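Given the structure is predicted, the values throughout are model-derived calculations rather than measurements.
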Amino acid sequence: FFFLPMNNLVNQLLLLDLNNIGEPGNRNDKQDDLRNIINIDINNQPFNPFNAFRTNWDNNQLGRFNHHLPRVNQTLTNFLHLGNHGSIDCGGRYVTYQMIRVDSAQEWARINGDANLTQDQKNIFHHILQPLINLPNYDPNNNYDRQRGEKTWSKMILNMSFMCAQRRYDTIEGFWRYYQQINY
């Protein structure tokens, strides 16, 4: 609903012959990698972050949420600086790609370990980081890229996942500002 452009882009890609992008491979695996970008399930249930905001968060919970929100943005901003020409590169031997996967998962683990956050608050952060946490575990030996040249498939998946996470953050952050003005 609020991420329709990314959903539309992924759905249009799913209609293409995916073997024309990168190295030919298992079509179902490539489709799953694309679908994971727009996955909104948390604990195998569709998640709507707008329904997770509550008016009964105490001051400590509000403070912790407001503490983590800019940190997530900083994490995403740091990833953006890893790219050239407006996109993020996978790096030699997929070093940057793997670093983004690991750093996103570590950021999520840090937030998830914050005992002062409610489960709803944790789910909101998980929703933001989910496209990067769900990146396929590509490396030099496991990928759908041509063995010589540009890492076309991995780079596309990485950049689309990043764009989705960034749009989720922007939407949540904007909604949160509005929500606070009305409810707190």
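The closest donor-acceptor contact from the side chain of Arg168 to the backbone of His127 lies under 3.5 Å. No donor-acceptor pair closer than 3.5 Å links the side chain of Glu107 to the backbone N or O of Thr75.
With sequence neighbours excluded, the residues satisfying side chain to side chain donor-acceptor pair (under 3.5 Å) with Asp33 are Tyr138. Leu14 pairs by the side-chain contact (heavy atoms from CB on, under 4.5 Å) definition with Val10, Asn11, Gln31, Leu34, Arg35, not counting sequence neighbours. Lys151 pairs by the salt bridge (charged side-chain N to carboxylate O under 4.0 Å, His left out) definition with nothing, not counting sequence neighbours. Applying the side chain to side chain donor-acceptor pair (under 3.5 Å) rule to Asn116 yields the partners Asn60; only residues at least two apart in sequence or on another chain are considered. In terms of the side-chain contact (heavy atoms from CB on, under 4.5 Å) criterion, residue partners of Phe175 (sequence neighbours excluded) are, by chain and number, Phe50, Phe53, Tyr179. Among residues two or more places apart in sequence or in another chain, the side-chain contact (heavy atoms from CB on, under 4.5 Å) test is passed with Glu23 by Arg146. The salt bridge (charged side-chain N to carboxylate O under 4.0 Å, His left out) check on Asp170 picks up Arg167, with sequence neighbours excluded. Asn123 pairs by the side-chain contact (heavy atoms from CB on, under 4.5 Å) definition with Ile42, Phe47, Gln119, not counting sequence neighbours.
For the pair His126/Ile111, no side-chain contact is recorded, criterion being any heavy-atom separation below 4.5 Å from C-beta on. Met156 is listed as a side-chain neighbour of Leu13, based on a closest heavy-atom distance under 4.5 Å. For the pair Leu80/Leu76, no side-chain contact is recorded, criterion being any heavy-atom separation below 4.5 Å from C-beta on. Using a 4.5 Å cut-off on side-chain heavy atoms (C-beta onward), Phe162 and Ser87 make no contact. Two residues are said to be in side-chain contact when any heavy atoms from C-beta on lie closer than 4.5 Å; Ser161 and Asn134 fail this criterion.
How far CG of Leu69 is from CD1 of Ile172: 8.5 Å, rounded to the nearest 0.5 Å. With rounding to the nearest 0.5 Å, the separation of CG in Asn39 from SG in Cys164 is 9.5 Å. Put simply, CG on Asn73 and CD1 on Ile128 are 9.0 Å apart, with the number rounded to the nearest 0.5 Å. Here the CD-CG distance, from Gln106 to Asn112, works out to 14.0 Å after rounding to the nearest 0.5 Å. One distance of note links CG of Asn159 with SG of Cys90; it measures 7.5 Å at 0.5 Å rounding. Between His68 atom NE2 and Lys122 atom NZ the span is 9.0 Å, to the nearest 0.5 Å.
Among residue pairs with one or both ends in residues 172-184, those qualifying as salt bridge (charged side-chain N to carboxylate O under 4.0 Å, His left out) are Glu173-Arg177; sequence neighbours excluded. Pairs passing the salt bridge (charged side-chain N to carboxylate O under 4.0 Å, His left out) check and including a residue from residues 49-73, sequence neighbours excluded, read Arg54-Asp120, Arg64-Asp114. Under the side chain to side chain donor-acceptor pair (under 3.5 Å) criterion, the residue pairs touching residues 92-101 are Tyr94-Asn143, Tyr94-Asp145, Gln98-Arg101, Gln98-Asn137, Arg101-Asn137, with sequence neighbours excluded.
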- request: Test side-chain hydrogen bond (donor to acceptor under 3.5 Å, both in side chains) on Gln12 and Asn8 and set out the steps.
  value: CA-CA 6 Å; Gln12 289 299 314; Asn8 290 342; over 6 Å; no
query: Thr152 and Tyr144: side-chain contact (heavy atoms from CB on, under 4.5 Å), yes or no, with the steps?
result: CA-CA 8 Å; Thr152 310; Tyr144 289 113; over 6 Å; no
- request: Report the C-alpha distance between Asn66 and Gln180 in whole Å, list the side-chain angles of each, state the deciding distance to 0.1 Å, and finish with yes or no for side-chain contact (heavy atoms from CB on, under 4.5 Å).
  value: CA-CA 11 Å; Asn66 285 325; Gln180 288 180 97; 3.5 Å; yes
- prompt: ring pair (Phe, Tyr, Trp, His ring centres under 6.0 Å) between Phe65 and Trp176: does it pass, once the steps are laid out?
  reply: CA-CA 10 Å; Phe65 188 82; Trp176 177 233; 4.9 Å; yes
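A continuous path of ILVMFWY side-chain contacts below 4.5 Å connects Tyr184 to Leu117, so both sit in one hydrophobic cluster. Under the 4.5 Å side-chain heavy-atom criterion for Ile, Leu, Val, Met, Phe, Trp and Tyr, Val95 and Leu135 are members of distinct hydrophobic clusters. A continuous path of ILVMFWY side-chain contacts below 4.5 Å connects Leu16 to Ile37, so both sit in one hydrophobic cluster. By the rule that hydrophobic residues join a cluster once side-chain heavy atoms approach within less than 4.5 Å of another member, Val102 and Leu132 end up as members of separate clusters.
Looking only at atom types and distance, the side chain of Gln45 has no donor-acceptor partner in the side chain of Asp41 under 3.5 Å away.
The shortest non-hydrogen separation linking Thr118 to Gln61 is CG2-NE2, 3.2 Å. Nearest heavy-atom pair, Leu129 versus Ser104, reported as atom, atom and distance to 0.1 Å: CD1-O, 4.1 Å. Residues Lys30 and Pro24 come closest through the heavy atom pair NZ-CA, 4.5 Å. For the pair Leu158 and Asp89, the tightest heavy-atom approach, listed with the atom from each and the gap, is CD2-O, 3.9 Å.
When the shell of 6.0 Å around CG of Asn142 is examined, it contains more than 12 heavy atoms from other residues, nucleotides or ligands.
When ring centroids are compared, Phe125 and Trp108 stay outside the 6.0 Å threshold.
Counting Ile, Leu, Val, Met, Phe, Trp and Tyr side chains that sit under 4.5 Å apart, directly or through other members, Ile182 shares a hydrophobic cluster with Tyr178.
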